[in-house]
Asker: 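I'd like to ask you about the structure that follows.
Read the numbers this way: they start at 1 and go in the same order the structure lists the ligands and their atoms.
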Amino acid sequence: MAGAVLAPPFVPIRRLGIGTWPMRGAACQAAVESALALGYRHVDTAEMYGNEAEIGAALAAAGVPRDEIMLATKVWWDKLRGDAIRRACEASLKRLRQPHADLYLIHWPSPDLDLPEALRALARIQADGLARHVGVANFPAGMMHRAVESGIVRLACVQVEHHVFLSQQRLRDFVTPLGIALTSYTPVAKGVVAQAPVVGRIAAKHGATPAQVALAWLLAMPGVAAIPKSASPVRQQENLAALDIRLDAEDLAALSALPKDRRMVNPGHAPDWDA
Ligand SMILES: NC(=O)c1ccc[n+]([C@@H]2O[C@H](COP(=O)([O-])OP(=O)(O)OC[C@H]3O[C@@H](n4cnc5c(N)ncnc54)[C@H](OP(=O)(O)O)[C@@H]3O)[C@@H](O)[C@H]2O)c1
């Protein structure tokens, strides 16, 4: 295994980002401008979201120094062979009006994924300056092991569904000691966290909202980031303020004890999650 892949420091992933799926068009641009004005400095998109041009426009309009922002985009799983990743990355950057992304991710492993080939393509993208860091999304723990053990490229991040109703303990146990960030998508479980009475009780105790408690539970984990999507400036502000909420050990234990079997994003092309 290449030494450079082991025990690197965490890439400084900004821990609370704005998710942008399924926002499109002017509404997406307005939401991202609002998020940037409120202080978000991590924006998550993907070629598949069909909103990179609007995000590029929002970045241009916001007037925030570019080096303050962590911009993540992703390549769809039908473009992981040959030089298709490279071409997809260049097309994303053109739509985003950016010379580079801060994080470029494989969005999903394809059923016929040639892992070394895809990782070599990410390595070249990074070496050529199209992405400051590269990573993957929707990789189960076993596939993540194989990717890291290949030593082909230093993966900065793995992005997966992760919330109070779905554990990523196995993956986290592997990546956190390696300094690989885990970005939690669907972090407020699409807004239904209030359905669990314990979340409401902890929220009342802290004068917080259920969504803030759900985010604070994730953010209490070392190396974990969260990218809630909200089109509403009020809920964007609410989610950002979760960074200031400190849950105690009893709160964290109660949230950790909730059943963790509710996967909300599981399309037909998803991998075997136990692989
Ligand atoms: N890599 C992947 O395969 C993948 C898959 C899914 C998602 N993602 C990324 O992760 C981001 C977030 O995931 P997600 O959109 O599936 O789920 P989410 O962020 O957990 O939930 C978004 C939903 O919750 C609502 N919401 C947000 N904040 C709230 C709050 N404080 N109180 C009540 N409701 C709230 C939003 O409505 P309003 O907009 O009306 O506030 C929206 O309907 C996506 O936008 C995308 O960037 C990545």
Asker: Quick test: of every protein heavy atom, which one is nearest to atom 3 (O) of ligand 1, and how far off is it to 0.1 Å?
Answerer: Asn138 ND2, 2.8 Å
Asker: Can you tell which of Val43, Asp44, Ile18 gets a heavy atom nearest to atom 47 (O) of ligand 1?
Answerer: Asp44
Asker: Which one of Glu238, Lys190, Gln236, Arg235 has a non-hydrogen atom at the shortest distance from atom 24 (O) of ligand 1?
Answerer: Lys190
Asker: Among all the protein's non-hydrogen atoms, which is closest to atom 46 (C) of ligand 1, and how far away is it?
Answerer: Tyr49 OH, 3.4 Å
Asker: Is there a heavy atom of Lys74 sitting under 4.0 angstrom from any atom of ligand 1?
Answerer: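 Yes.
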Asker: Atoms of ligand 1 less than 4.0 Å from Pro228 heavy atoms?
Answerer: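 Near Pro228, meaning under 4.0 Å from one of its heavy atoms, ligand 1 has 19 (O).
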Asker: Which atoms of ligand 1 are found less than 4.0 Å from any heavy atom of Gly191?
Answerer: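 Listed by number with element: 24 (O), 34 (N).
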Asker: Run the numbers for me: atoms of ligand 1, each under 4.0 Å from some heavy atom of Gln159, listed by number.
Answerer: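 Listed by number with element, the hits are 1 (N), 2 (C), 4 (C), 48 (C).
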Asker: Quick one: list whatever passes salt bridge (charged side-chain N to carboxylate O under 4.0 Å, His left out) with Asp78, sequence neighbours left out.
Answerer: none
Asker: For Glu52 and Ser92, does a side-chain donor sit closer than 3.5 Å to a side-chain acceptor?
Answerer: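 There is such a pair between these side chains.
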Asker: Using a 4.0 Å cutoff against the non-hydrogen atoms of Trp108, which atoms of ligand 1 qualify?
Answerer: 3 (O)
Asker: Considering only heavy atoms of Ala211, which atoms of ligand 1 have at least one such atom less than 4.0 Å away?
Answerer: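 The atoms of ligand 1 under 4.0 Å from a heavy atom of Ala211 are 30 (C), 31 (N), 32 (N).
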Asker: Within a radius of less than 6.0 Å around NZ of Lys94, do more than 12 heavy atoms belonging to other residues, nucleotides or ligands occur?
Answerer: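 Result for NZ/Lys94: open.
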Asker: Find all atoms of ligand 1 within a distance of less than 4.0 Å from any non-hydrogen atom belonging to Ser230, and give their numbers and elements.
Answerer: 27 (C), 38 (P), 39 (O), 41 (O)
Asker: Quick one: which of Ile227, Thr209, Thr186 has a heavy atom closest to atom 13 (O) of ligand 1?
Answerer: Thr186
Asker: With heavy atoms only and a cut-off of under 4.0 Å, state how Ala189 meets ligand 1: side chain, backbone, both or neither.
Answerer: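 The answer is the backbone of Ala189.
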Asker: Is it the case that over 12 heavy atoms from other parts of the model lie below 6.0 angstrom from the CZ atom of Arg132?
Answerer: no
Asker: Would you mind writing out the side-chain donor-acceptor pairs for residues 217-230 within the sub-3.5 Å range, not counting sequence neighbours?
Answerer:
unit_1	atom_1	unit_2	atom_2	d
Trp217	NE1	Ser256	OG	3.2
Ser230	OG	Ser232	N	3.1
Ser230	OG	Ser232	O	3.4

Asker: Under the ring pair (Phe, Tyr, Trp, His ring centres under 6.0 Å) test against His107, which residue among Tyr49, Tyr185, Trp77, Trp21 passes?
Answerer: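 Only one option passes, and that is Tyr49.
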Asker: Among all protein non-hydrogen atoms, which one is nearest to atom 28 (N) of ligand 1, and what is the separation to 0.1 Å?
Answerer: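 For atom 28 (N) of ligand 1, the nearest protein heavy atom is Asn239 ND2, 3.0 Å.
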Asker: Considering only non-hydrogen protein atoms, determine which one is nearest to atom 2 (C) of ligand 1 and report residue, atom name and distance to 0.1 Å.
Answerer: Tyr185 CE2, 3.3 Å
Asker: So which protein heavy atom does atom 39 (O) of ligand 1 come closest to, and at what separation?
Answerer: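 Minimum-distance protein heavy atom for atom 39 (O) of ligand 1 reads Lys229 NZ, 2.7 Å.
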